[in-house]
Student: 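I'd like to ask you about the structure that follows.
These numbers were taken from a predicted model, which means no experiment stands behind them.
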Amino acid sequence: MISKEKIEYNNKLANSGKIYDSVDEEFLNYQHQLVNRIIKFNQTPETPEGLKERDKILKESLRTYGEGLYVIPPIYANSGLKNVHVGKNVVINFNSSFVDDGEIFIGDNTMIGPSCMLATAIHPISPRLRKPKLQYNKPIHIGKNVWIGGNASILPGVTIGDNSIIGAGSVVTKDIPANVIAVGNPARILRKITAEDDKFYDGKPIPKEIIDKYMN
């Protein structure tokens with residue numbers, strides 16, 4: 001069984017930004033235990049008892065658990081979500097993948113669409129260093145109230161500001177500021193989110209009853 005000291009050392013190294021050996025056998029065996037917990041989450045049925053069990057597994061797995069989290073399985077995580085910090089009322093849709101060797105921070109009220117990937121791991125350009133599977137990691141920071149469209153990829157070291165939208169299928173390689181819509185590969189800012197977006201949706205006026213209920 002791996003020691004607590006070895007786990008703490010590897011966690012610190014993985015989040016240091018320094019290059020390291022990613023296939024340490026003892027630590028990989030520990031990671032397999034974490035991944036098996038996520039496999040159990042994915043296999044837990046959609047029943048009242050099953051939903052309680054899923055929530056229990058998420059609380060055990062995540063580095064930071066926010067109340068109101070809703071995850072639709074299956075979900076995949078290299079390190080069993082142990083480096084993922086989630087705020088309140090976050091929704092993560094099915095088939096999302098977390099390469100969580102480094103830390104991933106997800107703010108309150110963020111929605112992550114189906115089949116998204118958030119990856120923190122980077123391998124060296126040098127073929128000689130890639131051969132032994134060396135790597136280093138850069139954290140991802142997702143702000144509050146962000147919407148990430150389906151099949152988007154968020155690459156290592158990226159920060160996405162509060163309220164921004166990432167279009168479906170986009171590949172985010174650089175930081176995205178708050179209150180914008182970004183799309184494409186690589187993702188570029190399409191436009192700012194403005195006060196007009198509180199009045200219209202899809203070219204149609206937002207009904208008064210919706211405005212009265214959610215905006216006042």
Student: Would you check if the side chain of T44 reaches a backbone N or O of E53 as a donor-acceptor pair within less than 3.5 Å?
Tutor: no

Student: Does the ring of Y201 carry K204 above it, NZ/CZ under 6.0 angstrom from centre and within 45° of its axis?
Tutor: yes

Student: Do I7 and L28 sit in one hydrophobic cluster, given that two such residues count as connected whenever their side-chain heavy atoms are within less than 4.5 Å of each other, even indirectly?
Tutor: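 Shared cluster, no.
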
Student: Checking N29 against I2 for the side chain to side chain contact (heavy atoms under 4.5 Å, CB included) test, could you report, in this order, the C-alpha distance in whole Å, the side-chain angles of both residues, the deciding distance, and whether it holds?
Tutor: CA-CA 8 Å; N29 288 334; I2 189 170; over 6 Å; no

Student: Under the 3.5 angstrom rule, does the side chain of K213 hit a backbone N or O of I211 as a donor-acceptor pair?
Tutor: no

Student: For Y65 and D55, test the side chains for any donor-to-acceptor distance below 3.5 angstrom and give the result as yes or no.
Tutor: yes

Student: Between H85 (side chain only) and I104 (backbone N and O only), is there a donor and an acceptor less than 3.5 Å apart?
Tutor: no

Student: Should Q135 and I19 count as side-chain neighbours, where that means a heavy-atom distance under 4.5 Å?
Tutor: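 No, too far: nothing below the 4.5 Å cut-off.
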
Student: First locate atom CD1 of I181, then atom CD1 of I193, and finally report the distance between them rounded to the nearest 0.5 Å.
Tutor: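 Separation between the atoms: 5.0 Å.
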
Student: Output yes when a side-chain donor or acceptor of D175 lies under 3.5 Å from a complementary backbone atom of T159, and no otherwise.
Tutor: yes

Student: Answer yes or no: is there a side-chain heavy-atom contact under 4.5 Å between K40 and I57?
Tutor: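 Sidechains of I57 and K40: in contact.
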
Student: Would you say that L134 contacts D21 through its side chain, given a criterion of any heavy-atom pair below 4.5 Å between the two side chains?
Tutor: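 The answer is yes; the side chains approach within 4.5 Å.
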
Student: Before accepting this row, confirm whether a basic side-chain N of the pair K56/E60 lies closer than 4.0 Å to the acidic partner's carboxylate O.
Tutor: yes

Student: Answer yes or no: is there a side-chain heavy-atom contact under 4.5 Å between N78 and F98?
Tutor: no

Student: Using a strict 4.0 Å threshold on nitrogen-to-oxygen distance, state whether R54 and E46 make a salt bridge.
Tutor: yes

Student: Give a yes or no on whether the backbone of A152 and the side-chain of S170 come within a donor-acceptor separation of less than 3.5 Å.
Tutor: no

Student: Does I142 offer a backbone N or O that forms a donor-acceptor pair with the side chain of T110 under 3.5 Å?
Tutor: no

Student: Quick one: do L69 and I148 end up in the same hydrophobic cluster if we chain Ile, Leu, Val, Met, Phe, Trp and Tyr together by side-chain heavy atoms under 4.5 Å apart?
Tutor: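 Yes.
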
Student: Are any non-hydrogen side-chain atoms of N11 and F27 less than 4.5 angstrom apart?
Tutor: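 The answer is yes, as the side chains (C-beta and beyond) meet within the 4.5 Å cut-off.
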
Student: Is it true that K199 and E196 make a salt bridge, defined as a side-chain N closer than 4.0 Å to a carboxylate O?
Tutor: yes

Student: With no hydrogens and no angle check, is any side-chain donor or acceptor of R130 less than 3.5 Å from a backbone partner on P124?
Tutor: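 Answer holds: yes.
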
Student: Are V71 and I140 connected in the hydrophobic side-chain network, where two residues link if heavy atoms are under 4.5 Å apart?
Tutor: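 V71 and I140: one cluster.
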
Student: Once you round to the nearest 0.5 Å, how far does CD1 of I75 lie from CZ of F94?
Tutor: 12.5 Å

Student: Establish whether V99 and I154 are linked, either directly or via other cluster members, by ILVMFWY side-chain heavy-atom contacts under 4.5 Å.
Tutor: no

Student: Judged by atom type as modelled, is there a donor-acceptor pair below 3.5 Å linking the side chain of D100 to the main-chain atoms of S79?
Tutor: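 Such a contact is found between D100 side chain and S79 backbone.
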
Student: Only one of D162, N163, D197, T194 clears side chain to side chain donor-acceptor pair (under 3.5 Å) with N179; which?
Tutor: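 Looking at D162, N163, D197, T194, the match for N179 under the side chain to side chain donor-acceptor pair (under 3.5 Å) is N163.
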
Student: Would you kindly confirm whether I72 and I112 end up in one hydrophobic cluster when ILVMFWY residues are joined by side chain heavy atoms under 4.5 Å apart?
Tutor: no

Student: Can you find a heavy atom in the side chain of L62 that is under 4.5 Å from one in the side chain of K82?
Tutor: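 Answer no - side chains too far apart.
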
Student: Checking S61 side chain against L58 main chain: does a donor-acceptor pair fall under 3.5 Å?
Tutor: no

Student: Go through the steps to decide whether Y20 and N137 satisfy the test side chain to side chain contact (heavy atoms under 4.5 Å, CB included), and finish with yes or no.
Tutor: CA-CA 9 Å; Y20 68 98; N137 308 309; 2.9 Å; yes

Student: Can you check whether I189 reaches P177 side chain to side chain, under 4.5 Å on heavy atoms?
Tutor: yes

Student: Among L155, V158, D101, N83, which one satisfies side-chain contact (heavy atoms from CB on, under 4.5 Å) with T120?
Tutor: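 For T120, the side-chain contact (heavy atoms from CB on, under 4.5 Å) check succeeds only for D101.
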
